[in-house]
Amino acid sequence: METESEPYVRLATLRQLHQVMADMNTARSLADTLQTVADGVVSGLGYELACVNLVRPDGDLVVAAFAGNPAAEALITGRVGSRESWDRRLNMGEHWGDLVFIPHTEGWVLDDDDVPQWYTEGPAPRFEDEWHPADRLFAPMYTPGVHGGACGELIGVLSVDRPRNGRLPGAWGREALQMYAFQAAIAISNARLRANMQRALVRLERDQQALRASEESFRQAFEYAPSGMAIAEMGGDQHGRILRTNDALCRLLGRPASAMRRYSFSDLVHPEDIGTLLRTSAEGGRAELRLARRDGTYVWVSLRNSVVADAADGPRFLLTHVEDIEERKRRELQLAHRASHDSLTGLPNSAELRSRLSARLCKRQAHAGALESTDAAYGHPAVFDANGHGFDFPGSAALDAYDHHVHTVAPEESERDDGTKGLAVLFCDLDGFKSINDRFGHNAGDAVLIEVARRLTRGVRDGDTVARLGGDEFVILADGLGRADAQDLAVRLRNEIIQPIRAEGRAVRVGASFGIGWAHCGMTADEVLKSADERMYVEKRSRPKQHRRAG
């Protein structure tokens, strides 16, 4: 190069550099870029051999590309030199700007290290500026800085061997190689970025394909699930609003999907089940409740919620699985009804009667003890009325805390009605029923019991209880009655019962004896029933035998 005139050399070199740099920056892959860098040193800068040593993630340098000698390329491409050996090379010899030149007089100490190397054999130089076969020239490539120049991170090293003119590069040749190494670093960095982006795009596309496949699988599983499915909002003003439903849920509730999106589950749930729904919606999990159909009826469902969480914003949606359990619930209710009701008449049985009666009563001793201990703790004397009620003292919060129960009291036994209302217990025993069984058979007897049950039920108020205690014994619980009210009720019911009854194709009659007992707190259910039973026998014995039944 130096034998030519300086302007001519610069112009020719610039043309060559322009071409090789254009090739570097248009290479399609990192491997193509690395090979183009090595080829450009040979074709554009006039060196016989060029090697690109690329820094690996572990810090060592691998021979990533080679140009100028196919035999050498096959021998050393892919071989690795340690970072320690490379640092040693880059810190010795002569520094021509960013270039490192190690003359043959110093380079012999490197012959046995682990850096892959190749140099062309040749005669010893005859002139001072001739290239010796053992000379070494390296052009480090650094990560480009923000304002140009190197920022200090080594990404690779260009090693070159023997300029074609056989002489050591002059100032222009050195500058050209240094500039080329800088541009090569940019091209390699860009190629790495492109490669990383391409890999990221491939991964993204693969992930998107997997996501689309997953979404399609979910869509099909959601849409074609045999039981109901819904997605609802979670949190905020629109909490519980239904966003999406499948066909099975729409069929179950008799509502189109477009209409379902106007509701939340709280709009559809039975009023008695709203608390269960809110607990389930807030926590996820399972609940059994009733949802409204379009025709106004309700269907029992098992509702199972799963919270779909967003990593950034927390819980966002509820995935709800709705299973029709109407048939199971019907069977459960039937079993519960059979366990608590008489199989012949359909009335509550003895166990259910005692349960309902016990629910109205409290134990006097335990309640009074609680009041006494509470009053003593707060410094109040324990004062009770004739029925065992504690008087409220002004500011006596302790009494209120323990006296939530509304006590059941009995009207006073006197000819004058004192206005007290209580829980009347009417014990009814049929007169003449055994003779019907004996004369006409048990089928006739069963028909009589069924009709008596119907008449008793028809003759009481909504909310009153008519139960079959067993055999031909019935009990009526009627709350809120005075003594005169209870006696009037017994007369009305007796008059209903004595009317003729069709049984096995014939008309028969039975009578009825009623005993009226009164329930009040401090009694057990059995004590209340025993009291009414005794009064019934007193009433039965007090009536002439011919008046006990109607024939």
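Predicted model only: the values in this text are computed from it and were never measured. In what follows, residues are counted from 1 in the order of the sequence shown.
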Do you know which two heavy atoms are closest between [X] and [Y], and how far apart they sit?
X      : Y      : result
Phe514 : Ile476 : CE2-CD1, 4.1 Å
Cys250 : Thr245 : SG-OG1, 3.4 Å
Tyr298 : Pro271 : OH-CD, 3.8 Å
Leu252 : Asp324 : CD1-OD2, 3.6 Å

No-hydrogen, no-angle side-chain donor-acceptor test under 3.5 Å, [X] and [Y]:
X      : Y      : value
Asp429 : Ser513 : no
Ser343 : Arg338 : no
Asp60  : Ser82  : no
Thr297 : Asp295 : yes

Any Lys/Arg nitrogen of [X] or [Y] sitting under 4.0 Å from an Asp/Glu carboxylate oxygen of the other?
X      : Y      : answer
Glu496 : Arg454 : no
Lys530 : Glu527 : no
Arg293 : Glu326 : no
Arg356 : Glu352 : yes
Arg328 : Glu323 : no
Arg502 : Glu451 : no
Lys434 : Asp472 : no

- Message: Walk me through whether Val508 and Arg439 qualify under side chain to side chain contact (heavy atoms under 4.5 Å, CB included).
- Response: CA-CA 11 Å; Val508 298; Arg439 293 170 58 189; over 6 Å; no
Side chain [X], main chain [Y], donor-acceptor under 3.5 Å:
X      : Y      : answer
Thr457 : Ala453 : yes
Asp464 : Arg461 : yes
Arg255 : Met260 : no
Asn246 : Met229 : yes

query: Would Asn437 and Val448 satisfy side chain to side chain contact (heavy atoms under 4.5 Å, CB included), going step by step from the backbone distance to the final call?
result: CA-CA 10 Å; Asn437 266 340; Val448 169; over 6 Å; no
Would you check if [X] and [Y] make a side-chain contact, meaning some heavy-atom pair closer than 4.5 Å?
X      : Y      : answer
Leu54  : Arg192 : yes
Asp533 : Leu469 : no
Ile155 : Ser189 : yes
Glu288 : Lys329 : yes

Around atom [atom1] of [X], are there more than 12 heavy atoms of other residues, nucleotides or ligands at under 6.0 Å?
X      : atom1 : answer
Arg28  : CZ    : no
Glu504 : CD    : yes
Arg330 : CZ    : yes

Nearest 0.5 Å please: distance from the [atom1] atom of [X] over to the [atom2] atom of [Y].
X      : Y      : atom1 : atom2 : answer
Asp267 : Leu291 : CG    : CG    : 11.0 Å
Leu193 : Gln198 : CG    : CD    : 11.0 Å
Arg244 : Leu319 : CZ    : CG    : 10.0 Å

Subject >> Verdict with reasoning, Val510 to Asp431, per side chain to side chain contact (heavy atoms under 4.5 Å, CB included) >> reply: CA-CA 6 Å; Val510 291; Asp431 299 327; over 6 Å; no
Verdict with reasoning, Ile501 to Val452, per side chain to side chain contact (heavy atoms under 4.5 Å, CB included): CA-CA 9 Å; Ile501 298 173; Val452 168; 4.1 Å; yes
